[in-house]
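These values consider heavy atoms only, across backbone and side chains, with no hydrogens, waters or symmetry-generated copies. We name chains A, B, ... by the order of the sequence lines, and we start the count at 1 in each one. Note that this is a predicted model, so its numbers are computed, not measured.
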2 protein chains.
Amino acid sequence: MARRKDTSTNSFNREILNGSHLHYALDLISGRWKILILEKLRAGGLRYSILRKELPHISERMLALQLKELEKDGLITRSVYAGVPPCVGYTLTPISEKLIPIWEQLCCWGAAHRELQTTGN
Amino acid sequence: MARRKDTSTNSFNREILNGSHLHYALDLISGRWKILILEKLRAGGLRYSILRKELPHISERMLALQLKELEKDGLITRSVYAGVPPCVGYTLTPISEKLIPIWEQLCCWGAAHRELQTTGN
DNA sequence: GGCCATACTTACATTTTTGTTAGTATCCTA
DNA sequence: TAGGATACTAACAAAAATGTAAGTATGGCC
């Protein structure tokens, strides 16, 4: 019978770190796919099947999972349109739109950093 | 001898995602400890032993590992001062200082988001 | 000689994240 | 009646991140 350590330092550290707003913010958008999804939605809402086509390397599981998390975290809105076959659309929320200018800056910074690294060597 | 699947989708996806500057930037600072370390260094350089005291929940292994990565990525500078016992100091680099205003905005955004979530429910 | 401090490294274990494959329900169309 | 399209879900497997515990080298101090 496998022992479980629910009080593992691992999960304990988690909570502590979330005390930092910065860490909290990064947690919301980190992971392999989240920003990619948000980027796709930036130009306007998309339905599930389109998202899947736009992100050819994501697995169904991950797409569904990340969408659910993003929704739970209030970063996207899910809307179901009645009909058969079913149709579900995803859109950015006001708060995640406020993130856009910041992620643009981060993007610039990333580009600058990358250039520095390749030039520097 | 353990088999390695170098062609796993996992590592494959990694490379693809790094094509995005945003993703690249987030990769540099994500992980449980990196921004925490950067935040500590913000006010000025610190030596290893001080960092460890300031981050009571990090393990030696992780601290050393993250410091090495941060250095490799050009985000901090490591300086060794001769003597016994040895003394090593870490400082932010110019490029990581340019990150500060961005991370401050992200921090504000995180605070706003958190408030929304607690209020909204 | 034995212990202390510093700044790490190493081997191994556990937890967390991501991927793979197959399956669900509905109704339309051929 | 069989197969297609949509938007998922579930069980299992692999990979990646983090944690634990112990060890290394140097020289000063008692």
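- Ion pair A:E104/A:R42 flagged as a salt bridge, since at least one NZ, NE, NH1 or NH2 atom sits closer than 4.0 Å to an Asp/Glu carboxylate oxygen.
- Among the heavy atoms of the strands lying under 4.0 Å from B:Y90 are primed sugar atoms or P, OP1, OP2 only; no base atom is included.
- At a threshold of 4.5 Å between non-hydrogen side-chain atoms, the residues B:E71 and B:Y90 do not count as touching.
- Here C:dT16 is the nucleotide among C:dT16, D:dA7, C:dA7 with the atom lying nearest to any side-chain atom of A:S11.
- Residue pairs meeting the salt bridge (charged side-chain N to carboxylate O under 4.0 Å, His left out) criterion with at least one member in residues 45-59 of chain B, sequence neighbours excluded: B:K40-B:E54, B:R52-B:E60.
- At whole-Å resolution of the value, CH2 in B:W33 and P in C:dT16 are 14 Å apart.
- Atom-to-atom, CE of A:M62 to P of D:dA11 comes out at 16 Å; the value is rounded to the nearest Å.
- Considering only the side chain of A:E60, D:dT9 comes nearest among D:dT9, C:dA7, C:dT18.
- Sequence order on DNA chain C of the closest nucleotides to A:G31 and B:L67 puts B:L67 first from the 5' end.
- Taking atom CZ of residue B:R78 and atom C1' of nucleotide C:dT9, one finds them 13 Å apart after rounding to whole Å.
- The side-chain heavy atoms of A:L63 and A:I37, taken from C-beta on, include a pair separated by under 4.5 Å.
- Here the shortest heavy-atom pairing between A:K34 and A:D27 reads NZ-O, 4.4 Å.
- Applying a 4.0 Å cut-off to non-hydrogen atoms, the residues of residues 34-53 of chain A that approach DNA chain D are A:R47, A:Y48, A:S49, listed by residue number.
- Rounded to whole Å, atom P of C:dC8 lies 13 Å from atom CG of B:L70.
- For B:S59, counting side-chain heavy atoms from C-beta on, the closest listed nucleotide (D:dT20, C:dT6, C:dC27) is D:dT20.
- A:I50 places none of its side-chain heavy atoms less than 4.5 Å from the side chain of A:Y48.
- Nearest nucleotide to the side chain of B:R61, out of C:dT16, D:dT18, C:dA7: D:dT18.
- Within the 4.5 Å cutoff, side-chain heavy atoms of A:W109 are placed close to those of B:I95.
- If you measure from atom CZ of B:F12 to atom C1' of D:dA16, you get 19 Å, rounded to the nearest angstrom.
- Remark: P of D:dA7 and CD1 of A:I76 are 14 Å apart, rounded to the nearest angstrom.
- The CD-C1' distance, from A:E69 to C:dT16, rounds to 12 Å in whole Å.
- Within the structure, a side-chain polar atom (N or O) of B:R14 is placed less than 4.0 Å from OP1 or OP2 of D:dA17.
- Out of C:dC27, C:dC8, D:dC8, the shortest distance to the side chain of A:V84 is found at C:dC27.
- The CD1-P distance, from A:I58 to C:dT18, rounds to 10 Å in whole Å.
- The 5' end of DNA chain C is approached more closely, in terms of each residue's nearest nucleotide, by A:H57 than by the other of A:H57 and A:P85.
- Here the side chains of A:L75 and A:L99 are not in contact, with every heavy-atom distance at 4.5 Å or above.
- Phosphate proximity of C:dG19 to B:N13: present, with a side-chain N or O under 4.0 Å from OP1 or OP2.
- Under 4.0 angstrom from either OP1 or OP2 of C:dT9 there lies at least one side-chain N or O belonging to B:K68.
- Between A:T9 and D:dT20 there is a side-chain N or O to OP1 or OP2 distance below 4.0 Å.
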